[in-house]
Amino acid sequence: MTSPESTSPAKRESRNFIQQIIDNDRSSGRVTSEIITRFPPEPNGYPHIGHAKAICLNFSLADEYQGRCHLRFDDTNPETEDMEYVRAMKRDINWLGFDWGVHEYYASDYFEQLYQLAVRLIQTNNAFIDSQTGEEIRTNRGTVTVAGANSPYRERSIDENLALFAAMRAGEFPDGAHVLRAKIDMASPNMLMRDPVLYRIKHAEHYRTGNDWPIYPLYDFAHPLSDAIEGITHSLCTLEFDVHRPLYDWLVEALFPTPRPHQYESARLNLDFTVTSKRKLLQLVKERHVDGWDDPRMPTISGMRRRGYTAESLRRFCDMIGVAKADNRVDMAMLEFAVRDDLNTRAPRVMCVIEPLKIVLTNVPAGSVEELEASYWPHDIPKEGSRVVPFTREIYIEKSDFMEVPSKNFHRLSPGGEVRLRYGYIIRCDQVVKDSHGEITELLCSVDLDTKSGDTSSRKVKGTVHWVSASHGVPVEVRLYDRLFNVADPDDVAEGQSFLSHLNPESVTIMQAVIEPAAAAQDALDRYQFERQGFFFLDPNELEKRNRVWNRTITLRDTWEKPKTPEMAPVQKKDSTPETPQMVRDPLEGLGPEAILRAEWLDRTYELGMDDAALLATRPHLSAFFEEASKSAPSISVANWIINELRPMLPSDGIDGFPFSAAQFAAFVQLQASNTLSGRQAKEVLIEMVASGESAAEIVDRLGLKQISDESELLAMVHEVLNAHPDRVEAYKGGKTGLIGFFMGQVMAKSSGAANPSTVKSLLEKELE
RNA sequence: UGCCCUAUAGCUCAAUUGGCAGAGCGUCGGAUUCUGGUUCCGGAGGUUCUAGGUUCGACUCCUAGUAGGGCAACCA
């Protein structure tokens, strides 16, 4: 600790809250085995970007800790599930680049085991067969504000329950006749704990177990127990399952020994301009608003793959957005960045004109074909390879690269203007040819033959455009995709409206383009950047039908002439709504008459202030302790220490008693009030007192604690700290006075918290003059 | 109206657990460029939801509020 370098350790890589939990579990010994996570989809739909987040989370975490991640299909509902979805899920996880190895599981494989666990729950009187109708169960569950009522069948004998459950399993009852319920608490404020249903009768064919089972477990039963069966250590799910956690723990604790799995919840992903609810995606497909689950506009993994997104970019995106518990809505720009960044170094460049405008190069002889060499890669990407581009008298350029009346800053072609043909020559527009309607049909241009590409002495022009030979170019279909919805949050709709009303009618545009021959050849790749246009991917579905159709994966970033939104000028500050002036709150509000009297008395007698007085007045166990301790220590200090420090250390607010007497506590407060201990040391002592019940004096003695107030001793430390950080001293003198906190922290650390802070502060201020 | 979760830059997240409020994306400006791409450099952007309190020091602890989200399927 003496070397100055050691005081500024390399900045630690930031850890999300789940990584922190796992780190803790390992260092505290809660988990001694390897880390085992799981990804548990229900096979009832195609995986989408939200699944991708969960897949990346679970598999990456397992990878990071050299554990493993199971793939488990949560297939306990026979009515919605299908093998098709299992296949899609497995294919997409693999495509994303993750491998579950041999650890492929199905909740349906546990049906027998789960059944036996349910029997055990009945045997231990933790579950019963309820014969109420679904309607009755619902009404008797109560509401969020009123407690439910026990089922009349709740006290059936264990034997009767066992017999009934066996008969259910044997298929002797019709759907809905009985259910198995956990016996927990119909008055619980958590609705999930009001005797939740564990098993229901359902005579339905399951896609894997066929008609073997007339009863099926529910998620709340199957999920935690499947986790326990597989030895999952960390079971991650989305936020809305947080209310299920007590039930998860209840079941696992009732049926499994330690170590048990634990559930942790994080926020689901919301992405701008799209929807991810399974119901809505299904509706888009069924009502043919899109072309199927893998329509390139869909946020499904298969859709994004077909559009040309890469697995790497999706993984990168998931990494970028992180994991937290706050509801979120991720900016599309984040995804687009990840995609472009990956594609930039991955996709060779070719030229394709999407909206052709014919150009006749008047000084190029008809029939001449010059073969121009063109690199597949720009100068800044260290990859090799090139192709030949035919240059002929008639070529196409992009319609938008010509303006008859150029706007300011337009530096492409205009009458009399010049532009460079990429990999070719500089041309000048000599004449604009129009038809009888005044529509431009072609441009007559002349080539400056001294300006061939690669000629370093060649002069420079502002603009460079892509082009394709009219005679050698190949016609090809391209599909340009835009966002599926035209508002950021399609779910945000007025009463009676559907998210469909926000569908973007122009989310796809089909164009007949002309592409350079190299990219249309048999040995051409399936992914290119069309220069100045974007990244394109050969549609795999069309390719199977022997059609070459290019999907635009994403445009290039375009910083030219952004349409400025009208209200751009004054940056809208978020409304801080100071409309309602903060009311001066009465701390006594809501208190009973005797509590008010008591609070007023406490305030008067001890000069506590009404806030603290009210708090103590409503907590008799605290105020008794306070009054007793106040006999031998300053009352305000006692109150502050009780309210701010002691109380949060005690379980259930200290209502179950204190680990020491009020007199002992007073002695402790006195130690600090008399300046024997610094505030920091005092906190340390208090923690020890709560943990061990030792007296403050004993702890102070044992740990050798004593506040350092001696100025010369402190000054030495101050000098040491300042000398160790000349750069920061400089910064401080330059006006960065917030650094006083840094210096304070350094001195406090050096003295192990023993330094008298006010003395240190004044010394520091004096030294830094 | 009960219980639970959440709130830090425009967006998504950090802040070594009480000690310099930072990063990526976006945005704006400049340099480079035969892609208005890329790359490089720089700037702006903060009442850490609010109001009190504890502390030498609070995003972090205490009190009271506010706002958003979740929970009352025999779905997952």
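Just so it is clear: chains get the letters A, B, ... in the order the sequence lines come, proteins before strands, and each one is counted from 1.
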Rounded to whole angstrom units, what separation is found between the [atom1] atom of [X] and the [atom2] atom of [N]?
X: A:Phe17; N: B:A7; atom1: CZ; atom2: C1'; result: 15 Å
X: A:Arg268; N: B:U12; atom1: CZ; atom2: C1'; result: 17 Å
X: A:Trp560; N: B:C28; atom1: CH2; atom2: C1'; result: 19 Å
X: A:Phe742; N: B:U16; atom1: CZ; atom2: C1'; result: 13 Å
X: A:Arg329; N: B:C25; atom1: CZ; atom2: C1'; result: 17 Å
X: A:His725; N: B:G19; atom1: NE2; atom2: C1'; result: 12 Å
X: A:Asp327; N: B:A7; atom1: CG; atom2: C1'; result: 10 Å
X: A:Leu556; N: B:U33; atom1: CG; atom2: C1'; result: 14 Å

For [N], does either OP1 or OP2 sit under 4.0 Å from a side-chain N or O belonging to [X]?
X: A:Thr76; N: B:A76; result: yes
X: A:Gln20; N: B:A15; result: yes
X: A:Arg200; N: B:C75; result: yes
X: A:Ser14; N: B:C13; result: no
X: A:Arg557; N: B:U38; result: yes
X: A:Asn756; N: B:C56; result: no
X: A:Arg532; N: B:G36; result: yes
X: A:Arg194; N: B:A73; result: no
X: A:Arg647; N: B:U63; result: yes

Assign [X] to base, sugar-phosphate, or nothing according to its heavy-atom contacts below 4.0 angstrom with the strands shown.
X: A:His466; result: nothing
X: A:Arg141; result: sugar-phosphate
X: A:Val144; result: base

Open item on the list: One thing to verify: whether A:Glu135 and A:Arg138 come together as a salt bridge, which I'm taking to mean a side-chain N less than 4.0 angstrom from a carboxylate O.
Closed with: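 Yes, charged N to carboxylate O under 4.0 Å.
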- [ ] Indicate yes or no: does A:Glu418 engage A:Arg459 in a salt bridge with an N to O separation below 4.0 Å.
- [x]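 Yes.
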For atom [atom1], what is the distance between [N] and [M], given to the nearest Å?
N: B:A51; M: B:C11; atom1: C1'; answer: 28 Å
N: B:C25; M: B:U32; atom1: C1'; answer: 23 Å
N: B:U63; M: B:G2; atom1: C1'; answer: 22 Å
N: B:A21; M: B:A67; atom1: C1'; answer: 23 Å
N: B:G69; M: B:U16; atom1: C1'; answer: 31 Å

Can you confirm if the aromatic rings of [Y] and [X] lie within a centre distance of less than 6.0 Å?
X: A:Phe536; Y: A:Tyr528; result: no
X: A:His223; Y: A:Tyr219; result: yes
X: A:Phe391; Y: A:Trp467; result: yes
X: A:Phe241; Y: A:Tyr248; result: no
X: A:Tyr216; Y: A:Tyr199; result: no

Task: Complementary nucleotide for B:A15 - Watson-Crick or wobble, under 3.5 Å - done: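 The base-pairing partner of B:A15, which may sit in any strand shown, does not exist here.
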Task: Pairing partner of B:C3 (Watson-Crick or G-U wobble, both distances under 3.5 Å) - done: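 With both distances under 3.5 Å, B:C3 matches B:G70.
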